[in-house]
There are 2 protein chains.
Amino acid sequence: MKNSQLYKGSLNTIIMKLLEEKGRMYGYEITQKVKEITKGDLHITEGALYPALHKLEAEGLLEVEVERVDNRLRKYYKLTEKGTTETVNRLAELEDFIKNMQSIVNPKLSY
Amino acid sequence: MKNSQLYKGSLNTIIMKLLEEKGRMYGYEITQKVKEITKGDLHITEGALYPALHKLEAEGLLEVEVERVDNRLRKYYKLTEKGTTETVNRLAELEDFIKNMQSIVNPKLSY
DNA sequence: AAACATACATAAAATTCTTATACATTGGAT
DNA sequence: ATCCAATGTATAAGAATTTTATGTATGTTT
């Protein structure tokens, strides 16, 4: 990930949310989608992405389907049942996190 | 910090924002203030806090004033001029970060 | 022919945080 | 009187995540 330190720790949640929405995605597609959504602010690097995907798979949250498209390898990831359940929790945590960070940035609004 | 991984990378920004607002604070006070603001969600541990404060000081973003209160040592931290300037940048980054994360969580709103 | 985009991967190093421990004072409860 | 909780700072070992750099290979554009 590029730029701000703030994105540290949010990669797994981002991956899981995108997969929840799209059904299945491959690694490179995830990087492009995130770049698009954040208008270029967030560039997920391969060095961060692939180990993260492999770990989520090892934890049983994702499963992979390998396909060959245009003679190039693609690994499509999708949420397992366990992963889907866990995504609900992670998104709830994310919403709390965002609220908390907003309370810190803008304490005037907490009346 | 306790619970969610999401807070990783946000500690420095939290510290700087609180100092910008309060003028000066000591470590323990920061932990209590954050606990209060987040209604107990975020517990900043000493093992994370003190190294972070020392590093910000080493970078010239914070300066320290040692005082003895009730025979207990207190180290009050405040932003340097450099730190104040940098805080503006960090808060802008935080706002972008929050917006980006909201775009990811709630893509429907991005029409 | 070179450069760029697509597509995956790993390994060393840096960074940040968790967990555990340490020391010292004050105040309240047993 | 003694113990425990709260206040206050600190460090060190280890874990986890990310950065940076590198590698492989194909397809497309200039």
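Residue numbers begin at 1 in each chain, while the letters A, B, ... track the order of the sequences. Note that this is a predicted model, so its numbers are computed, not measured.
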Side-chain N or O of A/Tyr26 closer than 4.0 Å to phosphate OP1/OP2 of C/dA7: yes
Length of the line joining A/Ile44:CD1 and D/dT20:C1', which is rounded to integer Å: 17 Å
Salt bridge flag under 4.0 Å for residues A/Arg90 and A/Glu93: no
B/Lys55, nearest nucleotide to its side chain (from C/dT16, D/dA16, C/dC17): C/dT16
Sugar-phosphate only, base, or nothing, as touched by B/Glu46 at under 4.0 Å among non-hydrogen atoms: base
Euclidean distance, B/Leu62 CG relative to B/Lys75 NZ, rounded to 0.5 Å: 12.5 Å
Spacing of A/Leu73 atom CG relative to C/dA9 atom P, expressed in whole Å: 7 Å
B/Ile14 CD1 - C/dC17 P separation (whole Å): 9 Å
Candidate nucleotides C/dA9, D/dT26, D/dA10, ranked by approach to the side chain of A/Arg72 - the nearest: D/dT26
Residues B/Glu59, B/Lys55: salt bridge by 4.0 Å N-O rule: yes
A/Arg24/A/Glu67 ion pair, N-O < 4.0 Å: yes
Residue whose closest nucleotide on DNA chain D lies nearer the 5' end, B/Val69 versus B/Pro51: B/Val69
Electrostatic pair B/Lys82:B/Glu86 at N-O distance under 4.0 angstrom: no
Minimum-distance nucleotide (side-chain atoms of A/Lys75 versus C/dA7, C/dC8, C/dC17): C/dC8
Spacing between B/Glu57 atom CD and D/dT9 atom C1', to the nearest angstrom: 13 Å
Whole-Å gap separating C1' (C/dA24) and CG (B/Asn71): 9 Å
N or O in side chain of A/Gln5 less than 4.0 angstrom from C/dT16 OP1/OP2: yes
Sugar-phosphate only, base, or nothing, as touched by A/Gly27 at under 4.0 Å among non-hydrogen atoms: sugar-phosphate
Given DNA chain C, 5'-ward residue of the pair B/Asn12 and A/His54, judged by closest heavy atom: A/His54
Of the listed nucleotides C/dA9, D/dT17, D/dA10, the one nearest the side chain of B/Tyr50: D/dA10
A/Leu11 CG - C/dT16 C1' separation (whole Å): 16 Å
Spacing between A/Tyr7 atom OH and D/dA16 atom P, to the nearest angstrom: 25 Å
Euclidean distance, atom CD of residue B/Glu29 to atom C1' of D/dA6 [Å, nearest integer]: 15 Å
Most 5' of A/Leu49 and A/Asp70 on DNA chain D, judged by nearest nucleotide: A/Leu49
Candidate nucleotides D/dT18, C/dA7, D/dG8, ranked by approach to the side chain of A/Arg74 - the nearest: C/dA7
